[in-house]
Number of protein chains: 2
Amino acid sequence: MTEISKTEFDVLEALWQGHPATAQQIIERLNNDKPWHEKTVKTLLSRMVKKEAISFEKVQRSYVYSPAFARDDYTFKESKSLLARMFSGRLTPLVSHFVKSDELTKDDIDELKQLIDQWEKDNG
Amino acid sequence: MTEISKTEFDVLEALWQGHPATAQQIIERLNNDKPWHEKTVKTLLSRMVKKEAISFEKVQRSYVYSPAFARDDYTFKESKSLLARMFSGRLTPLVSHFVKSDELTKDDIDELKQLIDQWEKDNG
DNA sequence: AATCAATGATTACAACTGTAGTCTACGGAT
DNA sequence: ATCCGTAGACTACAGTTGTAATCATTGATT
């Protein structure tokens, strides 16, 4: 899985929404959020093809693109990378930050409990 | 709090270990891990001064540097930024990744439980 | 006083990023 | 057959990053 920039990630997000997809489709999806210049998006698509973050197939005049890896795999990899760099690879210091800073709701806590239950069922 | 690069973060880490500190001290700390070229470190220090991630004071021939913000504040900000970009700002999807991928130990789970208990004491 | 060594300042330089504009080729419209 | 719009390819260009080398200053040494 290649290194991609934050902007490239945004474009990939649009592609993960559904693929294969044409540049036009991707641009439309992106523009739901904020205006993107067509040329900018196409440049980013080309760059991601080159770095093999996405693939394409020629369909008549144009290309249809597909992601080269799953969103989950990428976000997990990035999460682990951040934990490695900032928290000695541990998850709990990060969670601790959130717990202590009043960033969590009752629902979040309930979800966390469920996750723990699940872990204990699987392991425990 | 400014944007800093991954390499700049490494240098800041060394500074957070103890400050104010001279370039020499910082270089020595960094070299405990892996070799850093003196010039490289000094360039990074200058750049961080310019972007106001660190400050310095002249002490005779040389400078002593200090971080412009606390490590915790920075790592928390970066964590929130990652969650915002990849998980709609939510913590639990990230935790879920880790729970499901067998990345956690019994100790981690116990710590998580404690954090939850703490939250419930503070809020609940 | 002349020279050296260490420090920060300045310069270098390629790769990557963000953001587009220009070029070229081809399928469709006239 | 000709012209045009659209798609991707190529070019542009400044800012950031990683990684250093060179320049200039100054306190220390001979």
Side-chain angles (χ1 to χ4, degrees), chain A residues 1-15 19-31 33-66 68 74 77-78 81-82 85-86, chain B residues 1-15 19-31 33-68 74 78 81-82 85-86:
Chain A
M1 207 168 349
T2 339
E3 289 301 310
I4 63 180
S5 76
K6 288 179 184 181
T7 315
E8 287 168 347
F9 178 80
D10 290 339
V11 174
L12 246 183
E13 283 279 37
L15 186 51
H19 52 87
T22 64
Q24 268 320 307
Q25 292 174 309
I26 294 168
I27 291 165
E28 278 163 31
R29 290 174 194 168
L30 286 167
N31 280 329
D33 266 330
K34 65 175 183 102
W36 286 74
H37 195 292
E38 174 225 349
K39 297 299 188 185
T40 302
V41 177
K42 293 205 174 172
T43 297
L44 292 168
L45 286 171
S46 297
R47 286 182 186 169
M48 282 196 285
V49 166
K50 179 185 277 182
K51 53 171 80 167
E52 294 179 79
I54 66 182
S55 64
F56 70 91
E57 245 186 307
K58 194 156 197 162
V59 170
Q60 316 192 121
R61 298 256 312 93
S62 52
Y63 293 172
V64 288
Y65 299 89
S66 296
Y74 182 75
K77 193 203 64 157
E78 284 299 298
S81 163
L82 181 134
R85 281 179 289 119
M86 325 210 145
Chain B
M1 207 169 346
T2 340
E3 290 299 310
I4 64 180
S5 76
K6 288 179 185 182
T7 315
E8 287 168 347
F9 178 80
D10 289 339
V11 175
L12 246 182
E13 284 278 38
L15 186 51
H19 52 86
T22 64
Q24 266 321 307
Q25 291 174 310
I26 294 168
I27 290 166
E28 278 164 31
R29 290 175 195 168
L30 286 166
N31 280 329
D33 266 330
K34 64 172 183 105
W36 286 74
H37 196 292
E38 174 227 349
K39 299 299 188 186
T40 301
V41 178
K42 293 205 174 170
T43 298
L44 292 167
L45 286 171
S46 298
R47 286 181 185 169
M48 283 196 284
V49 166
K50 179 186 277 183
K51 54 171 79 169
E52 294 178 80
I54 65 182
S55 64
F56 69 92
E57 245 187 307
K58 195 157 197 161
V59 170
Q60 317 190 121
R61 297 254 315 92
S62 53
Y63 293 171
V64 289
Y65 299 90
S66 295
Y74 182 76
E78 283 300 298
S81 163
L82 181 133
R85 282 179 289 117
M86 326 210 142

For [X] and [N], is the shortest distance between a side-chain N/O and OP1 or OP2 below 4.0 Å?
X	N	result
B/Thr40	D/dA20	yes
B/Tyr63	C/dA9	yes
B/Ser46	C/dT10	no
B/Gln24	C/dT7	yes
A/Lys50	C/dA15	no

At under 4.0 Å between heavy atoms, what does A/Lys58 touch on the DNA or RNA strands: base, sugar-phosphate, or nothing?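 No contact at all - A/Lys58 keeps every heavy atom at 4.0 Å or more from the nucleic acid.
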From the set [options], return the single nucleotide nearest to any side-chain atom of [X].
X	options	result
A/Leu44	C/dG18, D/dA7, D/dT19	C/dG18
B/Ala23	D/dA7, C/dT19, C/dG8	C/dG8
B/Lys39	D/dT17, C/dA9, C/dG18	C/dA9

For DNA chain D, the dot-bracket pattern of Watson-Crick and G-U pairs whose distances stay under 3.5 Å, | for other-strand partners: ||||||||||||||||||||||||||||||
[N] [atom2] sits how many Å from [X] [atom1], rounded?
X	N	atom1	atom2	result
A/Gln60	D/dA7	CD	C1'	13 Å
B/Trp36	D/dA20	CH2	P	10 Å
B/Ile54	C/dG8	CD1	C1'	13 Å
B/Ile4	D/dG15	CD1	C1'	18 Å
B/Glu3	D/dG15	CD	C1'	14 Å
A/Met48	D/dG8	CE	C1'	15 Å
A/Asn31	C/dT19	CG	P	13 Å
A/Leu45	D/dA9	CG	P	11 Å

Report the C-alpha distance between B/Trp36 and B/Ile26 in whole Å, list the side-chain angles of each, state the deciding distance to 0.1 Å, and finish with yes or no for side-chain contact (heavy atoms from CB on, under 4.5 Å). CA-CA 10 Å; B/Trp36 286 74; B/Ile26 294 168; over 6 Å; no
Identify whether the distance between the nearest side-chain nitrogen and carboxylate oxygen of B/Glu8 and B/Lys51 falls below 4.0 Å.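 Yes.
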Tell me whether the count of non-hydrogen atoms from other residues, nucleotides or ligands lying under 6.0 Å of CD in A/Glu52 goes above 12.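 No, the 6.0 Å shell around CD holds no more than 12 heavy atoms from other groups.
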Verdict with supporting geometry, B/Val11 and B/Leu15, side-chain contact (heavy atoms from CB on, under 4.5 Å): CA-CA 7 Å; B/Val11 175; B/Leu15 186 51; 5.9 Å; no
Which residue lies toward the 5' end of DNA chain D, B/Glu8 or A/Thr43, if each is placed at its nearest nucleotide?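 Final value for this comparison: A/Thr43.
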I want to confirm an ordering. Mapping A/His37 and A/Thr7 to their closest nucleotides on DNA chain C, which one lands closer to the 5' end?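 Residue closer to the 5' terminus by nearest nucleotide: A/Thr7.
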Which residue lies more 5' along DNA chain C, comparing B/Lys42 with A/Arg61 via nearest heavy atoms: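 The residue closer to the strand's 5' end, by nearest nucleotide, is B/Lys42.
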Let's test your reading of the model: under 3.5 Å, does the base of C/dT19 pair with the side chain of A/Arg47 as donor and acceptor?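 Between C/dT19 and A/Arg47, which were checked side chain against base, a qualifying N/O pair under 3.5 Å is present.
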For B/Phe56 and B/Tyr65, take the angle between the two ring planes, folded into 0 to 90°, and tell me which bin it lands in: parallel under 30, tilted 30 to 60, perpendicular over 60.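 Rings of B/Phe56 and B/Tyr65: tilted, 30 to 60°.
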Could you check A/Leu45 against A/Val49 for side-chain contact (heavy atoms from CB on, under 4.5 Å), going step by step and ending with a plain yes or no? CA-CA 6 Å; A/Leu45 286 171; A/Val49 166; 5.5 Å; no
Within the 4.5 Å heavy-atom criterion, are A/Glu38 and A/Val41 side-chain neighbours or not?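 Counting from C-beta outward, A/Glu38 and A/Val41 never come under 4.5 Å.
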Can a donor-acceptor pair be found, under 3.5 Å and without considering hydrogens, that links the side chain of A/Ser81 to the backbone of A/Lys77?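 Here the side-chain-to-backbone pair does not exist.
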